[in-house]
2 protein chains.
Amino acid sequence: MSDLAAALDIVGARWALLIVERLLDGPQRYGDLQRDLGVPTNMLATRLRELEAAGVLFRLPLRHNTRAYALTDRGLALREAIVALGTWGKNDA
Amino acid sequence: MSDLAAALDIVGARWALLIVERLLDGPQRYGDLQRDLGVPTNMLATRLRELEAAGVLFRLPLRHNTRAYALTDRGLALREAIVALGTWGKNDA
DNA sequence: CGTGGCTACTTGCATTTTGCAAGCATGGTC
DNA sequence: GACCATGCTTGCAAAATGCAAGTAGCCACG
């Protein structure tokens with residue numbers, strides 16, 4: 001399995017990279033991600049579980065029954081790839 | 001729609017980036033892609049059609065009833081993003 | 001203490017995407 | 001003109017995704 005295939009195995013699923021991109025701006029709560037991205041709630045829950053299991057992000061407990069999701073170092077390391085893809089997507093001429 | 005979402009709309013589908021990565025090494029024929037990637041034949045045909053429509057690659061007629069698939073400039077511009085993702089995927093420690 | 005509201009999910013089911021296997025078309029070879 | 005390689009298409013099963021509704025924990029307020 002190539003390196004690219006290994007990467008896509010983790011962040012290649014739908015919504016995964018968009019979630020990580022959103023978290024590059026700092027920790028976000030579940031509802032924030034849902035509203036900002038327009039992702040279905042069951043998909044969001046699934047992806048957050050998978051990305052946590054893959055060591056890309058972790059749950060950060062806040063007060064009450066709320067928590068935030070934040071990137072690990074491994075998650076932050078995706079910034080370069082995300083920026084590169086975003087730059088490519090910008091030039092759709 | 002963010003730039004990243006626009007990019008993923010084109011190359012976010014399963015197998016798409018792997019196909020492009022393979023073509024970074026130069027034009028490839030259908031059967032080569034199929035064997036190298038292990039992608040189901042109907043998916044390969046679908047993706048090649050989509051990527052051609054998106055201006056990422058084009059069909060290059062060879063002799064007989066064979067053709068090759070090659071990247072356009074827009075397709076080649078994905079190299080940076082693919083390398084970045086591959087580098088990330090390599091460090092799965 | 002109990003009702004109501006907010007947040008973070010889970011669950012059930014329809015729709016879409018993906019995958020497997022088999023078949024078809026075209027062109028060349030002998 | 002029988003045979004083979006290449007490049008697909010087609011039919012159907014399995015899996016992923018999406019929508020809508022429901023559940024669970026916590027706290028504020030009366």
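Each chain gets a letter, A, B and so on, in the order its sequence line appears, and its residues count up from 1. Keep in mind that what you see is a predicted model, and the values were worked out from it rather than measured.
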R63(B) vs dA5(D): side-chain N/O to OP1/OP2 distance below 4.0 Å: no
Side chain of A45(B) (C-beta onward), nearest among dG28(C), dT9(D), dA8(C): dT9(D)
Short side-chain to backbone donor-acceptor contact, T87(B) and V83(B), under 3.5 Å: yes
Rounded distance (Å) that lies between atom C1' of dT26(C) and atom CZ of R59(B): 15 Å
Length of the CG-P vector between L37(A) and dC19(D), whole Å: 14 Å
Residue pair L78(B) / L85(A): nearest heavy atoms and the distance that separates them: CD2-CD2, 4.2 Å
Atom pair distance, as rounded to whole Å: CG in L60(B) and P in dT6(D): 18 Å
Residue mapping more 5' on DNA chain C - nearest nucleotide basis, T66(A) or R14(A): T66(A)
Most 5' of E50(A) and N42(B) on DNA chain D, judged by nearest nucleotide: N42(B)
4.5 Å side-chain heavy-atom contact, Y30(B) and D32(B): no
Nearest-neighbour nucleotide for the P40(A) side chain, dC19(D), dC8(D), dT6(D) considered: dC19(D)
Selection from dT10(C), dC19(D), dT10(D) that lies nearest to any side-chain heavy atom of Y30(A): dT10(C)
Phosphate-side-chain proximity, R49(B) and dT9(D), N/O vs OP1/OP2 below 4.0 Å: yes
Touch class at under 4.0 angstrom, heavy-atom based, for R47(B) against every strand present: sugar-phosphate
Donor-acceptor pair (no angle test) under 3.5 Å: N65(B) side chain, dG7(D) base: no
Donor-acceptor under 3.5 Å (W88(A) side chain, R74(B) main chain): yes
Rounded interatomic separation in angstrom, taking CG from L44(A) and P from dA16(D): 18 Å
Any side-chain heavy-atom pair of L48(B) and L33(B) under 4.5 Å: yes
Between P of dT6(D) and CG of D36(B), the distance in whole Å: 13 Å
Spacing of M43(A) atom CE relative to dC9(C) atom P, expressed in whole Å: 15 Å
Nucleotide dT16(C), atom C1' - distance to CG of D9(B) in whole Å: 15 Å
Phosphate-side-chain proximity, W15(A) and dA16(D), N/O vs OP1/OP2 below 4.0 Å: no
Length of the line joining Q34(A):CD and dC6(C):P, which is rounded to integer Å: 15 Å
